[in-house]
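What follows is a set of notes on a single structure, which appears directly below.
Numbers restart at 1 for each chain; the letters A, B, ... are given by sequence-line order, proteins then strands.
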There are 2 protein chains.
Amino acid sequence: MPVRSTDQILHKAAWLYYTHGLRQDEVAQHLNISRASVATYLRRARETGIVNISTSTQLFADDVLARELEDALGLAAVWIVPEDRHAMDPTAEMPVVAAAVFLELINKGDRVGVAWGRTVYHLADVMPYADLQGVTVVQLCGNLGAPYSYRPDQCTTEIARRLNAEGINVYAPLVLSSEQLADALRNEPVIREQLATISDCQLALYSVGGIEDDSHLVKCGALTAAEMHALGETGAAGVIAGQIIDAEGQWLDCAHNRRCISADLGSIRAIAKRMMVVQEDSKFEPLVAAIKGGFASHLVVTTSMARRLLDRWNSEDGNRRTA
Amino acid sequence: MPVRSTDQILHKAAWLYYTHGLRQDEVAQHLNISRASVATYLRRARETGIVNISTSTQLFADDVLARELEDALGLAAVWIVPEDRHAMDPTAEMPVVAAAVFLELINKGDRVGVAWGRTVYHLADVMPYADLQGVTVVQLCGNLGAPYSYRPDQCTTEIARRLNAEGINVYAPLVLSSEQLADALRNEPVIREQLATISDCQLALYSVGGIEDDSHLVKCGALTAAEMHALGETGAAGVIAGQIIDAEGQWLDCAHNRRCISADLGSIRAIAKRMMVVQEDSKFEPLVAAIKGGFASHLVVTTSMARRLLDRWNSEDGNRRTA
DNA sequence: CGCAATATTTGACTTTTGTCAAACCTCGTG
DNA sequence: CACGAGGTTTGACAAAAGTCAAATATTGCG
């Protein structure tokens, strides 16, 4: 009855059980331990990503609506999460689907950028464990305290931890009090180099922020409700990685953006797979702006949001034709 | 109680059970079917690759010996399969490990080349099911009847089927009766194009063949024992994808090779990940030749084989130093 | 070196899952 | 339209897996 603390034994148990298909008591015999221990080891092996159990997200991708959206908006792939789901907690479903899709989109050796928002937080919370050594998770924007469970850096770290990947954080605040300071900090070698690597990412993960008085940026204290309101008047339409974009998805030249330390929008657009997840129906206009701005190649949305998007694009097509 | 034959229901059951962690009876309730059906669906979902359960092959890679081999022979990665394995069928272990390693090495969208041999057959037999749509499995050599379970094309097909990948077969015999005919066939557009795509592969899978009287090529009737014996006299050391190589791993200019329709050895060397699996201890010299010829970047071998390889390389190093 | 705090392992019990023959649908065919 | 082959679904039972408090080992520290 040897007592080893290494996780060598986790690997052995997992291998015999999952790959060879032995029963737990058989595994116990092989390893000279009790069956109860085997059960514990197997749970740990699953939790640490030694064993990976993944379900295809096909279910959410093979909807006619999804195909239509891809064609109409020119997206690489769309996943549609139905709202009803047979009395299953509806708000909980989206991040779960998104997490699974995210995992499917990651390739070995990839560098992935992760932004910030309530959606991303929830996603991190339900992210399955996996063994993605060689993957790097980089933070797309500066840091800020949040009224939710994680700060941006904690969020990156948590995702990296669950994936057994390397996490790289941005050691700077998201918003500074003056443009000068923001400029100076952006030019600090550590920060500059880090932001420069963002366009090397193969995959980005984010949601789009709204510009209402109760939007995320306001709740986190980056902007006051009044400031946000004013921005709305001057063309703000949504938020990408902490930065304000206009209705066409372009960077808005405003005080907030100039004081912001985050990934250059051009760098984000340069990322091959840009995965956008949108939960709330209220984010329709911001989402339209983000899509026009080229911030989404892979989209995860609800059925109703998908319908609205399709309607909008069809009507714009109609307008263009009649014009 | 609807009766749907689609596998939509497989996806739903798998999603609720594996991703949401519901119990089988809860899933049954959600889907309005009996729990027994759920159990059946889940099995089918696993068998068709909708659900993927994979165990890290780390266990076989984190051996000191493996590290030493990588360093000494300049290989990218080595997996070592212990021979004893606690009364577990030893010959059965290698293909299982190899199959898992193979799966880990495949990336989405890859093109993988699969060669031919008893080892590869067994590997196909134990290949887990997976959902690798977008992957293409191409056959590296021509066809030939075999005394084992599969022909080369069946083997490619079987692997592709289990992986839900696309399989591409070579519609030509491995060996022809005359060099003229082989030349003519090699220049047929269909065949030529197919062989030309081999260097586009990201991953190759093969073993190395021996040159004894009872070697694979002889058993399959491609060569007589006498011919093989004669080839041994003129420098043959092993077999790669049906073709004879010499002790340095170079293409041997012989009648058999000239009559052979298979991947150009240069194309094979051009593949980034060249995964070689060797089961039998008797294949030591062929393996040495194959490694010298640059046919392995990723190696799966037994402990004893690993030791012998290391000894050989160390002694050659010694010779070089003393010379 | 002893002792407490912490982590691991186990046996006994409960819950969950796998299995299989029988019942039941479905669809093509005579 | 009745029949039967081929498939799916189910209920009931057997087998396997999960759980947890108690026991045992390990570690850190005075």
Side-chain angles (χ1 to χ4, degrees), chain A residues 1-56 58-59 62 86-89 96 126 128-129 161-162 164, chain B residues 1-56 58-59 62 86-89 96 126 128-129 161-162 164:
Chain A
M1 259 168 259
V3 181
R4 312 254 241 83
S5 184
T6 355
D7 59 7
Q8 184 78 354
I9 197 133
L10 291 189
H11 276 101
K12 286 192 183 176
W15 182 262
L16 293 170
Y17 186 76
Y18 286 106
T19 305
H20 275 282
L22 299 192
R23 274 180 277 106
Q24 292 189 355
D25 53 342
E26 294 178 298
V27 175
Q29 244 178 279
H30 270 281
L31 302 177
N32 266 315
I33 51 176
S34 75
R35 208 193 48 65
S37 294
V38 173
T40 316
Y41 288 158
L42 292 178
R43 183 160 39 68
R44 284 228 307 257
R46 285 189 301 265
E47 282 169 4
T48 55
I50 289 172
V51 170
N52 220 43
I53 304 187
S54 65
T55 312
S56 158
Q58 195 72 29
L59 177 56
D62 57 35
H86 269 296
M88 171 136 294
D89 187 2
V96 176
V126 297
Y129 291 83
R161 186 182 72 81
R162 299 214 187 185
N164 282 293
Chain B
M1 261 168 259
V3 181
R4 313 252 241 83
S5 184
T6 354
D7 58 8
Q8 184 78 355
I9 197 134
L10 291 189
H11 276 102
K12 287 192 181 175
W15 183 262
L16 293 170
Y17 186 76
Y18 285 106
T19 305
H20 277 281
L22 300 192
R23 274 181 278 105
Q24 291 189 354
D25 53 345
E26 294 177 298
V27 175
Q29 243 178 283
H30 270 282
L31 302 177
N32 266 316
I33 50 176
S34 76
R35 217 207 81 263
S37 294
V38 173
T40 316
Y41 288 159
L42 293 177
R43 184 160 38 70
R44 285 229 306 256
R46 285 189 302 264
E47 283 169 1
T48 56
I50 289 172
V51 171
N52 220 41
I53 303 185
S54 64
T55 312
S56 158
Q58 195 73 28
L59 176 57
D62 56 36
H86 269 298
M88 171 137 293
D89 187 3
V96 175
V126 296
Y129 291 83
R161 186 181 73 80
R162 299 216 186 183
N164 282 292

Set of residues satisfying side-chain hydrogen bond (donor to acceptor under 3.5 Å, both in side chains) with respect to [X], sequence neighbours excluded:
| X | value |
| --- | --- |
| Q58(B) | none |
| S54(B) | none |
| T55(A) | T19(B) |

Protein N or O to nucleotides 18-22 of chain D N or O, pairs below 3.5 Å:
unit_1  : atom_1 : unit_2 : atom_2 : d
dG18(D) : OP2    : Q24(A) : NE2    : 2.6
dG18(D) : N7     : R35(A) : NH2    : 3.4
dG18(D) : O6     : R35(A) : NH2    : 2.8

* **Closest listed nucleotide, where the reference is the side chain of R44(B) and the choices are dG11(C), dT8(D), dT16(C)** => dT8(D)
* To do: State, with a plain yes or no, whether a side-chain heavy atom of V38(B) is found less than 4.5 Å away from one of I33(B).
  => yes
Round to a whole Å and report the spacing from [atom1] of [X] to [atom2] of [N].
| X | N | atom1 | atom2 | result |
| --- | --- | --- | --- | --- |
| D25(A) | dT10(C) | CG | P | 14 Å |
| I53(B) | dT17(C) | CD1 | C1' | 14 Å |
| I9(A) | dA25(D) | CD1 | P | 16 Å |
| R23(A) | dT16(C) | CZ | C1' | 16 Å |
| E26(B) | dT16(C) | CD | P | 8 Å |
| L22(B) | dT16(C) | CG | P | 12 Å |

* Take the C1' atoms of the five end pairs on each side of the helix from dC1(C)-dG30(D) to dG30(C)-dC1(D), get both axes, and report the angle to 10 degrees. => 30°
Listed by chain and number, what are the side chain to side chain contact (heavy atoms under 4.5 Å, CB included) partners of [X], not counting sequence neighbours?
| X | answer |
| --- | --- |
| N164(B) | D131(B) |
| R46(A) | Y18(A), L42(A), R43(A), V51(A), I53(A) |
| A36(B) | S34(B) |
| V126(B) | P95(B), V96(B), A99(B) |

* Asked: Do the side-chain N or O atoms of S37(A) get closer than 4.0 angstrom to the phosphate oxygens (OP1, OP2) of dT10(C)?
  -> yes
* **Short side-chain N/O contact to dT8(D) OP1/OP2 from Y41(B), under 4.0 Å** => no
* Spacing of CG belonging to L31(B) relative to CG belonging to L16(B), to within rounding of 0.5 Å -> 5.5 Å
